[in-house]
Amino acid sequence: MKLLFALACATSACWAQSATVQLPALNIDSTRVANPAGSTTFEMPVSTLRYEPAVDLQTRNFAESQADITIRGGLFENTGIRLGALTLSDPQTGHYAAEIPVAPTMLAAPRVVLGADHAATFANSTVGGLLYGWRPIRNGGVLAAGLGEHGLERGEFYQGFTAGTGNPAHRLGADFAVARSRADGAVAFGEHHFSRVNARLQLTSAAAQTDAFVGYQAKFFGWPNLYTPFNSNETENLQTVLYGLNHRVRFSGEDFLEAGVFHRRLKDDYAFNRFAAVGAVHPFQHTTRVTGIALGGHVSRGDSALETRAEIFADDLRSTSLVFGPYRRRTIAKLTALPSYAWQLADSSRVTARTGGTYDDSNRTAGAFSPVVELARDWPRGDLRRLYLSYAASTQLPSYTAIKSNPAAGLFRGNAALARATSRNLEAGLHAAAGDATLRVAVFHRRDDALVDWTFRRGVTARTANPVDLSVLGAEALVQRSWKNVDVILGYTALAKTADYRSAAVDASFYALNYARHRLTTAIVARLPAGFEVRMDNLARVQAANLLRTVGGDSALNSTLALVYRPPAWHGASFTLRADNLWDSRYQEIPAVPATPRQLSLGAAYAW
């Protein structure tokens, strides 16, 4: 029955590779990676980030099990995620920020938002963000299935419908998706059981789109040393519910208005020792609820414009272990006002100055004003398209795990004195294009004050939340080039950090000092005759030394290789053979957490 179910369902990973299937609303292929899905489960919003040039994804078991999303040398807590108008967050810990129970078929490919744009449009995050938009619904569907090593069975089904309304200017749509995955695991006690179900209603017109969404996702998985370096077989049991309503209206030019409201509930049952006696197995059980509302937009008049945004969300924590610290409920708000003015120059270029700021507030701590300034020059033609210089600050409150864990005992030791973290980013960059090639380059310096890190001390069987002041110097470049039958994307990031843990005694850092000094990504798509296609992603890194990393050294090469076949006579069908971790690297992305060995899978899909 399990095999029949897998063959009757679908994973978007099996069909989403193609740009030739005539279903644009169902094609979720990212333009910056070759393989937006992996070999381990059905695709999730986090899947395409594994080789994203601007994101360093640090995984436990595999990306869809648990992934820390880091940008520009930040921490998993510092990355914001927006779904339409709304910033989603997990108040317990940023480890669960990627728990978004939405089928990627419903979403546009994520956009990495940095610098001044991030500071102005993301709440309670400090380094960078990911923006997912809602796709318009089209009539069509997908049925796909996958099998792989270690007993892997995965499947997904998606169907979209549209119909007219009494008003000829409007169209009503609905779509539905279900997914399921199970496997015995690539290592002992590394099994998983995942499922997801989504439904959405959508009303569209020529200039507006309204989406009402509900989603549920359940995940159980195990892994040795999942969160601790003490050779324990640990498990995680997560159940996430998300309700959302989003409305976006487009006006002329860049003007728009977007508003939304959401409610998210996450239940987490973590077991440090899955074999402990009954009654002592699950001392770490948490339930968080977050309800939020946001309103933002851009309005222009002549050469002047104003970008505004207001967002507020309230959270609540119920926990068996996070019972210390000052509070378990809070409200967080952010306001943005960013005026701009543009000048047209004689050579047809345009200079734009944006000067404004944001105000972050909470009922649990004092508010903070953060300036946002950007000066940019854009050219409508020629090789050089854009030059910019920006300065932006942003702030963030610590998670409940950091402030409410026992400060004197246990595996995770908190610090109730942790305060609002502040990040200040100065950067310059350029965009260029010539023919079928594009280039983006940025250099930046960021100062993070009172950033929350989890640290290790020799002789102490725990990790501890400590504030750290970081100075981060970085450079990044992205090159894309397309030929008739080949696409190539190259990404490179260089980082240097200095850290001050103030008065804390620290021997090693699990997160703040777990970063790549050099990181290179390459994505290659080669379209071959007779319906074949080869897709390969590569990630090479030279990591900063970390005494907690016990296997794999400080450098690594990781690759995913896929062979895709689309029978020319069977439109909409595709077959994929994929290998993840092609070289079977043992490099530990998170120190002391074992790597996932090489895994092969075979998928088949049909889209209509």
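Note that the structure is predicted; figures quoted are calculated from it, not measured.
- The shortest non-hydrogen separation linking Arg196 to Pro104 is NH2-CD, 3.8 Å.
- Residues Thr126 and Ser423 approach most closely at O-OG, 3.4 Å, considering heavy atoms.
- Taking the side chain as every heavy atom from C-beta outward, Glu153 and Leu147 approach each other to under 4.5 Å.
- In this structure, Gln58 contributes its side chain and Glu589 its backbone to no donor-acceptor pair below 3.5 Å.
- Considering only residues two or more places apart in sequence or on other chains, Tyr501 meets the ring pair (Phe, Tyr, Trp, His ring centres under 6.0 Å) condition with none of them.
- Scanning for side-chain contact (heavy atoms from CB on, under 4.5 Å) contacts around Asp184 gives Arg182, with sequence neighbours left out.
- Salt bridge Glu99/Lys219: present, at least one basic N to carboxylate O contact under 4.0 Å.
- At distances below 3.5 Å, not a single donor-acceptor pair connects side-chain atoms of Asp448 with backbone N or O atoms of Leu470.
- Under the side chain to side chain donor-acceptor pair (under 3.5 Å) criterion, Ser125 pairs with His118, not counting sequence neighbours.
- With hydrogens and angles ignored, the 3.5 Å screen pairs no side-chain donor or acceptor of Asn466 with any backbone N or O of Trp454.
- In terms of modelled atom types and a separation under 3.5 Å, the side chain of Arg154 and the main chain of Thr41 share a donor-acceptor contact.
- Under a 3.5 Å cut-off, the side chain of Trp223 and the backbone N or O of Val187 do not form any donor-acceptor pair.
- Under the rule for a salt bridge (charged side-chain N to carboxylate O under 4.0 Å, His left out), Arg598 has no partner lying at least two apart in sequence or in another chain.
- Taking 4.0 Å as the cut-off between side-chain N and carboxylate O, Arg502 and Asp500 do not count as a salt-bridged pair.
- For the residue pair Glu234/Thr228, the side-chain donor-acceptor check at 3.5 Å is satisfied.
- No donor-acceptor pair under 3.5 Å is formed between the side chain of Arg32 and the backbone N or O of Glu52.
- No donor-acceptor pair under 3.5 Å is formed between the side chain of Asp315 and the backbone N or O of Pro91.
- The pair Glu311-Lys334 fails the salt-bridge criterion, with no side-chain N (NZ, NE, NH1 or NH2) lying under 4.0 Å from an Asp/Glu carboxylate O.
- Of the N and O atoms on the side chains of Asn124 and Ser89, not one donor lies less than 3.5 Å from an acceptor on the other residue.
- Residues Arg264 and Thr240 approach most closely at NE-CG2, 4.1 Å, considering heavy atoms.
- Partners of His95 by ring pair (Phe, Tyr, Trp, His ring centres under 6.0 Å), not counting sequence neighbours, listed by chain and number: Phe76, Tyr227, Tyr511.
- Atom CZ of Arg111 sits in a sparse spot, with 12 or fewer heavy atoms from other residues, nucleotides or ligands closer than 6.0 Å.
- Taking 4.0 Å as the cut-off between side-chain N and carboxylate O, Lys267 and Asp269 do not count as a salt-bridged pair.
- Between Phe456 and Phe510, the two ring planes are perpendicular [angle over 60°; tilted spans 30° to 60°].
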task = Go through the steps to decide whether His286 and Tyr400 satisfy the test ring-ring contact (aromatic ring centres under 6.0 Å, His included), and finish with yes or no.
result = CA-CA 10 Å; His286 322 284; Tyr400 284 126; over 10 Å; no
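- A salt bridge does not link Arg50 with Asp537: none of the charged nitrogens is closer than 4.0 Å to a carboxylate oxygen.
- No side-chain donor-acceptor contact under 3.5 Å links Gln92 to the backbone of Leu266.
- In this model, no donor atom of one side chain and acceptor atom of the other lie less than 3.5 Å apart for Asn198 and Gln217.
- In this structure, Arg447 pairs ionically with Asp449, as a charged nitrogen and a carboxylate oxygen lie closer than 4.0 Å.
- In this structure, the side chain of Arg549 engages the main chain of Gln588 through a donor-acceptor pair within 3.5 Å.
- In plain terms, the two heavy atoms of Thr70 and Thr79 that are nearest each other are CA-OG1, 3.9 Å.
- Using a 4.5 Å heavy-atom cutoff, the side chains of Val472 and Leu495 are in contact.
- Applying the salt bridge (Lys or Arg N to Asp or Glu O under 4.0 Å) rule to pairs touching residues 185-195 yields Glu191-Arg274, sequence neighbours excluded.
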